Amino acid sequence: MENEKELSGYAPDLSPFTWSDRDRYFLEPFVTNPDGLVSVLRNLPPEVAGALCSRASRAAGSLTEVLLKEYIYPIVEGEDKELSKELEEVVRFLRDHGFKNILNNQRAQSFYAKWLSQYGDDSIAQMTGTHILFWGVSQVAAKFIEDQRVGLEPIEKSTRYVNFGKKVGDRYLYYVPKPDLERLGLLAEYRKTLDHLFDTYVELIPPLLEWLKKTFNDKESILEKKAFDTLRGLLPMATLSQIAFRGNAQALEYLVNRTARHSLGELRWLSGEIKRELDKEIPSLLLRVVDEKSREYQEYLSARYGRVREAFGGAAMPGRKPEPARPEVRLVEWDEDGEAKVLAGILFTETHSSWDEALKSVKSFSPEKRKDLLSRYLEGRSARWYKVGRALENAYVRFEITMDAGSYSDRHRHRMMTQDRQRFSTHHGYDLPSELIESGLKEKYVSALEEAAALFGKIEKLDPDLAQYVVPMAYRVRFYQWQNLRQLFWEAELRTISQGHPNYRYVEQEKYRLVKEKYPMIGGSMLVDMNDYSIARRGTEEKIEEKEKQLGLFGLSIE
């Protein structure tokens, strides 16, 4: 097993923070590692921690910068001297003592050491947790972490709305698995190829923005984000992102175990960083991850797919040219009795009959009577956020989807359904936005993508997992979704609203169309937007005005 020095070679090679001594003085009571790329929040009220983490998707800098500049210094340097003095006293107290020293924390730690670590009562690990900040994690690693469905709640920096072309020091923000690339003799080509992707991204933003201004009558701020959204296909899966997580201790323990022996050094390094920072706040909750049983479990988690690949050859797709293509959606499995089972679920709760009797009854209903039963169940549902009932969980459908990796991120967020993907690759073609064709910027975009595809082919032959880092987000990934109709209602209705990305709107519209063919009565009850939109419509001003009215009741305001 690697030692700490070996693992440090997989850390992102950058130092994004330039704190003064004063900055550190005010940050250290609230974050476990102000200078690190992984840090745990502490001693913050829930609303502050939640609001801070929620900024991960749009913040240009780190969340620790946001904490300092928007939550701490406005009070310390504000006009209210009493409030400033109070905060400084709190900071001084936390630095000198901390809550752990004034409460009987040893008793709590002993409780978890006994009942969780020794006796394995996992349910009590769900009673506590914390927030973790990741500054500088690749898209490959982020998606692996976010694959974990239960107990972790991530918010990730948006590639649609934030400019990723800014450098830290003299380099773009992408991950370099240096030890592996040096071993393969491809480090220089890797850097050259990824620099070219980012250079092209930066170069194309101004002319695309000018074209958008001439073509669409919208605010420049909206069109600027449209430019980022259109060009994000150039960003490689190595692109470093910022993610904030809230997780319970049981989920965090599983996260450490999942990453500890992964084939990618970045994830193994992250596992150690996560464990180190969590031990500063919840050490008694992670005692088990270092014992022999956990090490065996970590080996099991890391090796299962390797064994499959070894036996079946990795199943790489030979000979297909990665031509541009739009998303593909196939309905590959559905239940012929799906609608009847949904109706049986509705009827079951209002009778004392068995399931078999309820199902037999609805199968004997006339089409009109079936429609009446469903209409009564859904009557009054006028908006998508009115959740449909659990009866819709009695029918499942399986979709196979192939779409660009950038838009896939929004599908990936629907974690409670069963979905799994193939490795990120260049085998399935790439997305070519119409805006780049119409603006005359296609050639440079395509050239950069194809250069990356050539490097991908070299690395994939040697290490398929490692090759994922060079795949630009324009290239498509194939995955499946196995979901019940209640989940489909939520996903399809949410992801077809006007502010959605065109690609994933198209995917959800196709899913809706295919399901409506099989289940016309239920499909006809879905509130899916089938329109097309060139520019995402957010209604931001109206939403802010409404929220300001609500907050005004509490004497608050939105800055």
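These figures come from a predicted structure and were not determined experimentally. In what follows, every heavy atom counts, from backbone to side chain, and hydrogens, waters and symmetry copies are set aside.
- Between Ser407 and His501, the side chains place a donor N or O and an acceptor N or O closer than 3.5 Å (distance only, hydrogens not considered).
- Taken from CG in Leu286 to CD in Glu281, the straight-line distance is 11.5 Å, to the nearest 0.5 Å.
- Salt bridge annotation for Glu299-Arg295: absent, with no cationic side-chain nitrogen under 4.0 angstrom from a carboxylate oxygen.
- For the atom pair CZ (Phe245) and CG (Leu255), the distance works out to 7.0 Å, reported to the nearest 0.5 Å.
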Evaluate the side chain to side chain donor-acceptor pair (under 3.5 Å) criterion for residues Ser302 and Arg261: first the C-alpha distance (whole Å), next the side-chain angles of each, then the deciding distance (0.1 Å), finally the verdict. CA-CA 6 Å; Ser302 68; Arg261 304 287 184 94; over 6 Å; no
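- Taking both residues in full, the closest heavy atoms of Ala405 and Met237 are given as CB-SD, 4.2 Å, listed atom of the first, atom of the second, then distance.
- The distance from atom CG of Leu41 to atom OG1 of Thr64, rounded to the nearest 0.5 Å, is 9.5 Å.
- Salt bridge annotation for Glu189-Lys458: present, with a cationic side-chain nitrogen under 4.0 angstrom from a carboxylate oxygen.
- Using a 4.0 Å cut-off between charged nitrogen and carboxylate oxygen, Lys143 and Glu156 count as a salt-bridge pair.
- A salt bridge does not link Asp170 with Lys167: every distance from a Lys NZ or Arg NE/NH1/NH2 to an Asp or Glu carboxylate oxygen is 4.0 Å or more.
- In terms of modelled atom types and a separation under 3.5 Å, the side chain of Arg421 and the main chain of Phe424 share no donor-acceptor contact.
- Listed here is the closest heavy atom pair of Cys53 and Leu63: CA-CD1, 4.0 Å.
- In summary, Lys178 and Asp13 do not engage in a salt bridge, as defined by a charged side-chain N under 4.0 Å from a carboxylate O.
- Atom CD1 of Ile274 sits about 8.5 Å away from atom CG of Leu267, to the nearest 0.5 Å.
- Between the side chains of Gln419 and Arg411, no donor-acceptor pair of N or O atoms lies under 3.5 Å.
- Salt-bridge formation is detected for the pair Arg183/Asp180: a Lys NZ or Arg NE/NH1/NH2 atom is positioned less than 4.0 Å from an Asp or Glu carboxylate oxygen.
- A salt bridge links Lys275 and Asp279; the closest N-O separation between the charged side-chain nitrogens and carboxylate oxygens is under 4.0 Å.
- The pair Glu4-Arg276 meets the salt-bridge criterion, with a side-chain N (NZ, NE, NH1 or NH2) lying under 4.0 Å from an Asp/Glu carboxylate O.
- A salt bridge does not link Lys293 to Glu296: none of the charged side-chain nitrogens sits closer than 4.0 Å to a carboxylate oxygen.
- With a 6.0 Å cutoff to the six-membered ring centre and a 45° limit on the axis angle, Lys341 does not count as a cation-pi contact of Tyr396.
- Ring planes of Tyr201 and Phe198: perpendicular class, angle over 60° (limits at 30 and 60°).
- Minimum interatomic distance between Pro472 and Leu449 (heavy atoms only, all atoms of both residues): CB-CD2, 3.5 Å.
- Of the residues His414, Gln487, Glu491, the one that meets the side-chain hydrogen bond (donor to acceptor under 3.5 Å, both in side chains) test with Gln481 is Glu491.
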